[in-house]
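Data first, discussion second: the structure below is written as structure tokens.
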There are 2 protein chains.
Amino acid sequence: MSVRERKERERAQRHRLIVSTARELAEAHGWDAVTTRRLAEQIEYSQPVLYGHFRGKKEIVGAVALEGFAELTTALRTAVAEGPAGREAVAALARAYTGFAADNPALYDAMFSLDNGLPFADEATPAPLREAFGALLDPLVDHAHPDEPGLFVETFWAALHGLVTLTRAGRLPADRVPDRLALLVGRFVPK
Amino acid sequence: MSVRERKERERAQRHRLIVSTARELAEAHGWDAVTTRRLAEQIEYSQPVLYGHFRGKKEIVGAVALEGFAELTTALRTAVAEGPAGREAVAALARAYTGFAADNPALYDAMFSLDNGLPFADEATPAPLREAFGALLDPLVDHAHPDEPGLFVETFWAALHGLVTLTRAGRLPADRVPDRLALLVGRFVPK
DNA sequence: GGCTCGATGCTAGCACCGCTAGACAATAGA
DNA sequence: TCTATTGTCTAGCGGTGCTAGCATCGAGCC
């Protein structure tokens, strides 16, 4: 029996190794550099081993993304918990979100830009995604129309996401990011 | 002399054929399906012919995107010109923008999501891009802080772009798009 | 302790990708 | 008509994600 347990343990460890290696590779050289060959070489196994753990590359991206949602939740919660409530909390939330994206560009891509196969806004949506949405919702719910808090959060989130992606792609100059963020918060949470 | 002119004419025509075929192929089956082999087969030439017109695939995407910016400008201008000024003009603008993205998904990708090599927010930015930005700016400028109209437009645009991309990727449910749009306009142009 | 057999990871290869070198044919101009 | 140039093609390079089928290794049974 114990042999089987050991094998399962080793298998789980290798599973984590694949995910963390993919993430490191992506963060270091971009997702284009994360090929099955390079990934296999890094973990010192042959390519087909990857397919014993994941259906394909998309599922590996999804596994990395799932890590990201857990970390994003933590980042948002701590940023809001530290400061005062109300409008300043929303500003802190926005800064934490864009900061997270700037600090973990490849991770952010896996979560929101690449095809990761994860179901959003669905009954099958994994818990980490729901929790991240919750972390976004809580500081905002006071400022939304009471009938439609979800709609408000979705729209605010979309605005943040738009700023992140357009800035990262060089479509918006990076130097004015804090100003755009302040403008956004000012419009969504007037005082 | 005339021979040379004819050749140039034929060359220009083939140039346009490549761009329009790439666009049709992308709109029909997505940009992943636009491979140099398929594109060459469609225009009934061999692959290397494409490289006599464009440096590579990225430049073809850029050519398609440039068409898109011209069309987007027209779409935004007509939408605003038809209706009344003020707040309703902004709502019309927002609807026209998201409508354009929904009607021409592949074109929108070429313009804003894919790497098309076009320089944004730069002294080398091509005229069609500047004009599209202008079409976005004009109806908004009255509602912005007078010192920073550009910042206001950029942020509003980013919000629209975020809504478009998250909806298209299935990260936001598509059915509530008009409601999110109304909420966005309401927050950016309060009255 | 030796043997069998199933699990496991490997090599090799498929069809496709973007891109290009070099052979060849068509054609314009002398 | 001959030559030089222009234009287009075939073939191929090094890469991609993914998989069939073989070989090896080790766990469990006699």
Side-chain angles (χ1 to χ4, degrees), chain A residues 1-19 21-23 25-26 28-65 106 109-110 113-117, chain B residues 1-19 21-23 25-26 28-65 106 109-110 113-117:
Chain A
M1 288 307 109
S2 166
V3 169
R4 189 179 143 141
E5 285 173 13
R6 193 203 70 223
K7 290 206 170 185
E8 278 177 11
R9 219 164 43 231
E10 287 171 353
R11 191 180 155 75
Q13 188 171 342
R14 197 171 60 181
H15 190 99
R16 287 191 298 273
L17 178 65
I18 294 171
V19 176
T21 304
R23 178 174 172 177
L25 219 46
H29 306 103
W31 276 104
D32 279 353
V34 184
T35 68
T36 54
R37 277 170 182 77
R38 244 190 294 262
L39 186 49
E41 197 195 5
Q42 283 284 323
I43 64 168
E44 298 181 311
Y45 282 94
S46 69
Q47 275 177 282
V49 166
L50 300 173
Y51 294 87
H53 288 269
F54 301 95
R55 272 181 214 279
K57 198 183 167 180
K58 190 198 287 189
E59 218 171 271
I60 298 177
V61 176
V64 173
D109 283 342
S113 297
L114 300 178
D115 183 8
N116 58 26
Chain B
M1 286 306 107
S2 166
V3 169
R4 190 180 142 140
E5 283 173 14
R6 192 203 72 224
K7 289 205 169 185
E8 278 176 11
R9 218 163 44 230
E10 286 171 354
R11 191 179 155 76
Q13 187 171 344
R14 196 171 60 181
H15 189 99
R16 288 191 299 274
L17 177 63
I18 293 171
V19 176
T21 305
R23 177 174 173 178
L25 219 46
H29 305 104
W31 277 104
D32 279 354
V34 184
T35 69
T36 55
R37 280 171 179 78
R38 245 189 292 262
L39 186 49
E41 198 196 4
Q42 282 285 324
I43 65 167
E44 297 180 312
Y45 283 94
S46 68
Q47 274 177 283
V49 167
L50 300 173
Y51 294 87
H53 288 269
F54 301 94
R55 273 181 213 278
K57 196 183 167 180
K58 189 199 287 190
E59 218 170 270
I60 298 177
V61 176
V64 172
D109 283 342
S113 297
L114 300 179
D115 183 9
N116 58 27

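Each chain gets a letter, A, B and so on, in the order the sequences are listed, and its residues count up from 1.
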Closest-nucleotide 5' rank along DNA chain D - winner of A:Thr36 and B:Glu44: B:Glu44
Nucleotide nearest A:Lys7 when distance is taken to its side chain, options C:dG9, C:dT8, D:dA20: C:dT8
Is the number of heavy atoms from other residues, nucleotides or ligands within 6.0 Å of CD (B:Glu10) greater than 12? yes
Atom-to-atom span, OH of B:Tyr51 to C1' of D:dG7 - whole angstrom: 18 Å
Rounding to an integer number of Å, can you tell me how far A:Glu41 CD sits from C:dG9 P? 18 Å
I want to confirm an ordering. Mapping A:Ala33 and A:Arg55 to their closest nucleotides on DNA chain D, which one lands closer to the 5' end? A:Ala33
When rounded to whole Å, the NE2 to C1' distance for the pair A:His53 and C:dG9 reads 11 Å
Can you tell me which nucleotide in D:dC18, D:dT8, D:dA27 comes closest to the side chain of B:Arg14? D:dT8
Looking for any heavy atom pair under 4.0 Å, which part of the strands does B:Thr35 touch: base, sugar-phosphate only, or nothing? sugar-phosphate
Distance check needed: C:dC19 P versus B:Ile18 CD1, whole Å only. 13 Å
Looking at every heavy atom in both B:Gln47 and B:Thr36, which two are closest together, and how far apart are they? NE2-OG1, 2.8 Å
Rounded distance (nearest 0.5 Å) linking atom CD1 of A:Ile60 with atom OG1 of A:Thr21: 10.0 Å
For a quick test of reading the model: is some side-chain N or O of A:Tyr45 closer than 4.0 Å to OP1 or OP2 of C:dG9? no
Pick base, sugar-phosphate or nothing for A:Gly52, based on heavy-atom distances below 4.0 Å to the nucleic acid. nothing
note: B:Leu39, atom CG; C:dC19, atom C1'; distance rounded to Å ~ 14 Å
Please tell me which of the listed nucleotides, D:dT8, D:dG17, D:dG12, lies nearest to the side chain of A:Arg37? D:dG17
Round to a whole Å and report the spacing from CD of B:Glu10 to P of C:dA26. 16 Å
Minimum-distance nucleotide (side-chain atoms of B:Gln47 versus C:dG18, C:dC17, D:dG17): C:dG18
Heavy atoms only, 4.0 Å cut-off, all strands: where does A:Arg11 land among base, sugar-phosphate and nothing? nothing
Point-to-point distance, once rounded to the nearest 0.5 Å, from NZ of A:Lys57 to CG of A:Leu114: 8.5 Å
Protein-nucleotide distance (A:Glu59, atom CD; D:dC18, atom P), rounded to Å: 10 Å
How many whole angstroms separate atom CD1 of A:Ile43 from atom P of C:dT8? 15 Å
Side-chain touch A:Val19/A:Phe54, heavy atoms, less than 4.5 angstrom: yes
Could you work out which one of C:dG9, C:dT20, D:dG17 sits closest to the side chain of A:Lys57? D:dG17
Have a look at B:Arg38 and say if it touches a base, only the backbone sugar-phosphate, or nothing, with a 4.0 Å heavy-atom cut-off. sugar-phosphate
